[in-house]
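The structure under discussion appears below in the form of structure tokens.
In this text the structure is predicted, and so the values were computed from the model without any measurement.
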Amino acid sequence: MDLNPSYKDMKSTKKSMLLCCKLYVSESRNHTALDSIERAARLDGETVIVNKFEDRAYNRIGYTLVSYIVHDSTGNIIYSPLQRTLQSMVEAAYEAIDLALQCGAHPRLGVVDDIVFHPLAQASLDEAASFAKMAAADIANKFQVPVFLYDSAHPMGKPLDIIRRELGYYRPNFMGNQWSGWDMPEVLPEKPDVGPTMVSRARGIVMIGARPWVSMYNIPIVSTDISATRRIARMVSARGGGLPTVQTMGLFHGEDSTEIACMLLEPNRIGAEQVQYQVEMLAAQEGLDVEKGYFTDFSPDMIIEKYLKLISGDESH
């Protein structure tokens, strides 16, 4: 039986069966390291970086990668260029970055802190979850790092924020408002889903998940009063009795401001405008000014559009 798709089918697959991978790395200040990671991303031209978001204060970068998936006759994923690209980027990150020397105003538990897969176009969440589990096994086995699965990639659908809370992700460990290195025991208190229970202080651990589209929206607060910013962040969040499907963190952002980093789990239900309004209202009660928030990535439609433009340019050469 021929499992290889025809040229016509492959062209269709490249435009319809798409996965978006967001790769978050705990580094944005070392440009040599970032250059190395991005060179690794270019080894396979069939994976496209459609966006990267660097934040120097957080010392963190997010890459948005898109490629296609190929199935066998039974519907199982047998190939995606994302697999090789992701491994190459992770390897470059581990070679260039030492978590023990890292510091930033954003939480981190690993050099490669988080990898999440979103289905795009005609791909399904089940396919994103299946690929996430494949990626987790690859990374855990090749690099000997503990991997925690979350959301649709987890056997019980365990949410990312609960896993992070269990591992102390949200507690600053340096200067009261910064995160630096790995300061927990080298033997994990919670057993990872894949990989060893021993942690390398140079690499840390990795979270890998699959979920429907999530929007990341950050709102600057013109104040260094981190306590007030955290109060507002909590009141806005679902956990604090605020807006449903909204998760938040109040963080320092540079020398003269703070920021509320928002994760909108169902952006079509509770969007950025509602979150912005709520933050402005609560900040006014604290006597604080608020700037207009910003997204850290494009919308799914824009990501697909950018991907298709980039691959059509490659195919025309």
Side-chain angles (χ1 to χ4, degrees), residues 24 26 28-29 53-62 99 102-110 113-114 116 150 159-184 204-205 207 214-267 269-297:
Y24 295 95
S26 300
S28 67
R29 301 167 186 166
F53 182 80
E54 300 175 61
D55 194 303
R56 186 171 177 81
Y58 290 159
N59 200 13
R60 183 178 177 87
I61 187 166
L99 184 66
Q102 286 299 98
C103 179
H106 191 287
R108 78 260 332 269
L109 286 173
D113 196 51
D114 182 21
V116 60
Y150 66 87
L160 174 62
D161 65 314
I162 290 178
I163 300 169
R164 283 175 162 175
R165 199 162 280 113
E166 289 172 350
L167 292 168
Y169 183 83
Y170 299 105
R171 292 193 299 269
N173 64 2
F174 183 63
M175 295 176 61
N177 54 51
Q178 302 278 312
W179 283 260
S180 179
W182 177 272
D183 72 340
M184 291 187 288
I205 64 176
M207 307 285 178
V214 169
S215 291
M216 313 299 284
Y217 184 72
N218 296 346
I219 304 176
I221 309 293
V222 188
S223 171
T224 56
D225 187 346
I226 190 65
S227 296
T229 298
R230 287 174 178 159
R231 277 197 303 274
I232 296 166
R234 182 167 180 84
M235 287 189 283
V236 169
S237 71
R239 189 164 184 263
L243 297 171
T245 71
V246 174
Q247 296 177 356
T248 60
M249 293 187 292
L251 303 169
F252 264 105
H253 196 249
E255 294 181 359
D256 56 1
S257 67
T258 51
E259 189 167 81
I260 298 178
C262 306
M263 186 182 291
L264 313 183
L265 299 180
E266 296 181 34
R269 178 182 172 194
I270 303 291
E273 288 185 6
Q274 292 160 281
V275 178
Q276 181 80 32
Y277 173 79
Q278 195 77 1
V279 168
E280 289 177 358
M281 184 180 69
L282 292 168
Q285 295 172 11
E286 299 270 0
L288 302 179
D289 292 328
V290 176
E291 294 181 358
K292 178 67 175 170
Y294 59 93
F295 291 101
T296 64
D297 208 344

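Side-chain atoms of Q276 and E280 form a donor-acceptor pair, as typed in the model, at a separation below 3.5 Å.
Only one option out of I162, D161, D114 pairs with Y150 in a side-chain contact (heavy atoms from CB on, under 4.5 Å); it is D114.
At a threshold of 4.5 Å between non-hydrogen side-chain atoms, the residues R231 and L282 do not count as touching. Residues Y58 and E259 meet the side-chain proximity criterion, which asks for heavy atoms closer than 4.5 Å. Side-chain atoms of P220 and H253, non-hydrogen and from C-beta on, never get closer than 4.5 Å to each other. Side chains of V246 and L264 form a contact here, defined as non-hydrogen atoms less than 4.5 Å apart. The shortest distance between side-chain heavy atoms of R239 and R165 falls below 4.5 Å.
Between atom SG of residue C262 and atom CG of residue N218 there is a gap of 7.0 Å, rounded to the nearest 0.5 Å. From R60, atom CZ reaches atom OG of S28 across 10.5 Å, with rounding to the nearest 0.5 Å. One finds the OG1 atom of T258 at 7.5 Å from the CD1 atom of I232 (value rounded to the nearest 0.5 Å). A distance of 8.0 Å separates CZ in F252 from CG in D225, rounded to the nearest 0.5 Å. Between S223 atom OG and D289 atom CG the span is 9.5 Å, to the nearest 0.5 Å. Atom-to-atom distance recorded for N173:CG and W182:CH2 is 10.5 Å, nearest 0.5 angstrom.
For A238 against T245, the heavy-atom pair with the smallest separation is CB-N, 3.8 Å. Shown here for I270 and Q274, the closest heavy-atom pair between the two residues is CA-OE1, 3.3 Å. Across all non-hydrogen atoms, the minimal contact from G254 to A57 is N-CB, 3.6 Å. Nearest heavy atom pair, residue C103 against residue Q178, reads SG-OE1, 3.7 Å. The two residues N59 and Q102 make their nearest non-hydrogen contact at ND2-NE2, 3.2 Å. Minimum interatomic distance between T224 and S257 (heavy atoms only, all atoms of both residues): CG2-N, 4.0 Å.
Sparse packing is recorded around OH of Y277, with 12 or fewer heavy atoms of other residues, nucleotides or ligands lying under 6.0 Å away. Enclosure of atom CE in M175 is not indicated, since only 12 or fewer non-hydrogen atoms of other residues, nucleotides or ligands lie within 6.0 angstrom.
Ring geometry for Y169 against H106 counts as perpendicular: the plane angle is over 60°, on a 0 to 90° scale with 30° as the lower cut.
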### Message
The test is side-chain contact (heavy atoms from CB on, under 4.5 Å); show your working for D297 and F295 and say whether it passes.
### Response
CA-CA 6 Å; D297 208 344; F295 291 101; 6.0 Å; no
### Evaluation steps, side-chain contact (heavy atoms from CB on, under 4.5 Å), between I260 and V236
CA-CA 10 Å; I260 298 178; V236 169; 5.5 Å; no
### Message
Please evaluate residues M207 and L167 with respect to the criterion side-chain contact (heavy atoms from CB on, under 4.5 Å), reporting the C-alpha separation (whole Å), side-chain torsions for both, the decisive distance (0.1 Å), and the verdict.
### Response
CA-CA 11 Å; M207 307 285 178; L167 292 168; 3.5 Å; yes
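Counting only distance, with no hydrogens or angles, the side chain of S26 and the backbone of G110 share a donor-acceptor pair below 3.5 Å.
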